Novice: 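The structure's right below; bear with me while I get my questions together.
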Amino acid sequence: MNPSKTSEQTTFDTIIVGAGLSGLYAARVLSKAGQRVAVLEARDRVGGLTYSQYSQYLGEYIDLGGAWLADNHTRMHELVQEFNVPLIRQFKTGQEVTVDGETRHTGDVGSFPGRQAALPELQTAMAKLEDALAGIDINAPWTHAKADEFDAMTFAAWIEKNIETPATREFIATSTNAFFGVMPEEVSFLETLHLFKTCGDIIFMGDTHTGGQAAHMMGSQLVSEGLAATVNGVVSLNSPVRRIIQNDQSVIVECDETTWQGKQVICALPPVMINRLEFEPMLPAYRRAFHQRCPIGRYTKAILTYETPFWREQGLSGLAGSLDNGMTGIFDLGDTESKHGVISILFGGEPSIRLDDASKAERDQIILDQVAYALGDLGRHPVEMVVQQWVNEHWSQGGACSYMTTGTLTTIGDRLWQPCGRIYWAGTHLSRVWRGYMEGACAAGEAAANAVLAAWACS
Ligand SMILES: Cc1cc2nc3c(=O)[nH]c(=O)nc-3n(C[C@H](O)[C@H](O)[C@H](O)COP(=O)(O)OP(=O)(O)OC[C@H]3O[C@@H](n4cnc5c(N)ncnc54)[C@H](O)[C@@H]3O)c2cc1C
């Protein structure tokens, strides 16, 4: 797929930087419209934050990045069907577990076991949050009546001000850790509201019936591979982009040993990765400020495989959460007929921090301890265990979502979607639906491609 490694220029209509779902979806829209496209990817694979490995033991793919879909992830569902990617409804028969240190609380799925102290104030807290959410315009969150106040405070500050019970505070605080890999102390409250609003609401995001955790793929990277195979042009792997030069007529995109020319470029990278690129001329100050004020969250995900789904025999569903931030969540990845057991355990935001700098042995021990506390001691003996620490991935620097710090949305929010000359922007962080999710990545890619096509039609 790579053009020869020379300094020869290769000319396309649009150059797309990044072969994650967003870049590839943009490539799909442009290809269908008849454009010739080059997608340049730094890694030796497509898919970005979707990354699948084949398990010899299970005879199927396991996912170390994005996997779950809500029923209203329409673009992703179409792709899943088109590329025959296995999709399993979330198994949820049996009891749910909440661990608090080594103590295990059990209850019906959705009954918040172990969270009794949080429940009396939970309804009031949720009503306050819903109230704030109601005023958010997805296309212009900076127009909220309290935009300045909300953007000057972190989500943690809002929780502190509005929720009295420590247990309820803790419960609400887990949401950004879990859904975006971001601690409430790190993110603007206005930005938090926008993130939630693009996904529907906070309850729907964690819902296992039709919401954010309704069904999961076994092989999400197959979607990106399918998209890459249908690009009208080139997908060039091992091609880290270093510099983007634009003038009145065209853009030149430089990799280490190749140079690409196009009429415009779509940059489909998270801001932390855009910060590493050189632009000539320099990007406007507001755009540089945005990229500097939009870090990415922390996610570590592990998949553990067992001879049998032993927890089911004990009446457990395999769904588990944590009261003390020991981990974020455990999910059973099997279907009702599964012979083998397979679970996913996620450490998002705060729970991920203690894994980030741990040795491999310490990290694995923490993971196995958490599984054992939730599902029992048999959890210490997986047949296979694969761990992905996204903060330590050179070409991602974290996951799942880029988030804006305080004061960013209100100062530069209204220009986030604007192209800078011939440079257009994509990536899930710019989506108006399901920001931070695979659906959001596709939607942002589609929006950027449509903007390119609109400009093309006028030229
Ligand atoms: C552990 C984990 C679990 C998740 N779970 C879910 C889930 O269940 N459901 C869901 O919907 N979403 C989930 N997500 C989020 C989802 O995977 C992402 O939102 C989505 O894949 C992001 O796509 P993207 O194209 O915007 O960005 P990315 O996937 O980050 O794509 C950017 C691409 O650019 C490349 N790149 C970087 N720098 C350069 C450069 N200089 N030159 C060329 N290429 C470069 C990268 O290698 C990458 O391929 C999860 C993410 C993680 C990490």
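For reference, positions follow the sequence shown, starting with 1. As the structure lists them, so they are numbered: ligands from 1, and atoms in each ligand from 1. Note that this is a predicted model, so its numbers are computed, not measured.
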Novice: Which one holds for L69 and ligand 1: side chain close, backbone close, both close, or neither close, with close meaning a heavy atom under 4.0 Å?
Specialist: neither

Novice: Should the proximity of W390 to ligand 1, defined as any heavy atom under 4.0 Å, be assigned to the side chain, the backbone, both, or neither?
Specialist: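 Under 4.0 Å from ligand 1, W390 contributes side-chain atoms alone.
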
Novice: Would a line drawn from the ring center of H340 to the ring center of Y57 be shorter than 6.0 Å?
Specialist: yes

Novice: What part of T300, side chain from CB on, backbone N/CA/C/O, both or neither, has a heavy atom under 4.0 Å from ligand 1?
Specialist: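 For T300, there is no contact with ligand 1 at all, from either part.
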
Novice: Among L49, V391, V241, which one puts a heavy atom closest to atom 30 (O) of ligand 1?
Specialist: L49

Novice: Measure A67 to ligand 1 on non-hydrogen atoms and call it side chain, backbone, both or neither using the 4.0 Å cut-off.
Specialist: backbone

Novice: Relative to the heavy atoms of L277, which atoms of ligand 1 are at a distance of less than 4.0 Å?
Specialist: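 That gives atoms 41 (N) of ligand 1.
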
Novice: Looking only at N/O atoms, are A42 and ligand 1 under 3.5 Å apart anywhere?
Specialist: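 Indeed, backbone or side chain, A42 has an N or O that close.
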
Novice: So W260 and F12, would you call those rings parallel, tilted or perpendicular, with 30° and 60° as cut-offs?
Specialist: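 W260 vs F12 ring planes: tilted.
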
Novice: With a cut-off of 4.0 Å, which atoms of ligand 1 are near a heavy atom of G48?
Specialist: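 With G48 as reference, the close atoms of ligand 1 come out as 29 (O), 48 (C), 49 (O).
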
Novice: Using side chain to side chain donor-acceptor pair (under 3.5 Å), reason through N72 and E439 one step at a time and then give a plain yes or no.
Specialist: CA-CA 9 Å; N72 68 359; E439 180 69 11; over 6 Å; no

Novice: Using a 4.0 Å heavy-atom cut-off, say whether C401 meets ligand 1 through its side chain, its backbone, both or neither.
Specialist: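 The answer is neither; C401 stays 4.0 Å or more away.
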
Novice: Indicate, as side chain, backbone, both or neither, the part of W395 found under 4.0 angstrom from ligand 1 when only non-hydrogen atoms are considered.
Specialist: both

Novice: Is the positively charged end of R312 above the ring of F91, judged by distance under 6.0 angstrom from the centroid and angle within 45° of the axis?
Specialist: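 Satisfied, under 6.0 Å and within 45°.
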
Novice: Numbering the atoms of ligand 1 from 1, which are under 4.0 Å from a heavy atom of W68?
Specialist: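 Numbered from 1, ligand 1 contributes 7 (C), 8 (O), 9 (N), 10 (C), 11 (O).
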
Novice: Report yes if H73 has an N/O atom closer than 3.5 Å to an N/O atom of ligand 1; otherwise report no.
Specialist: no

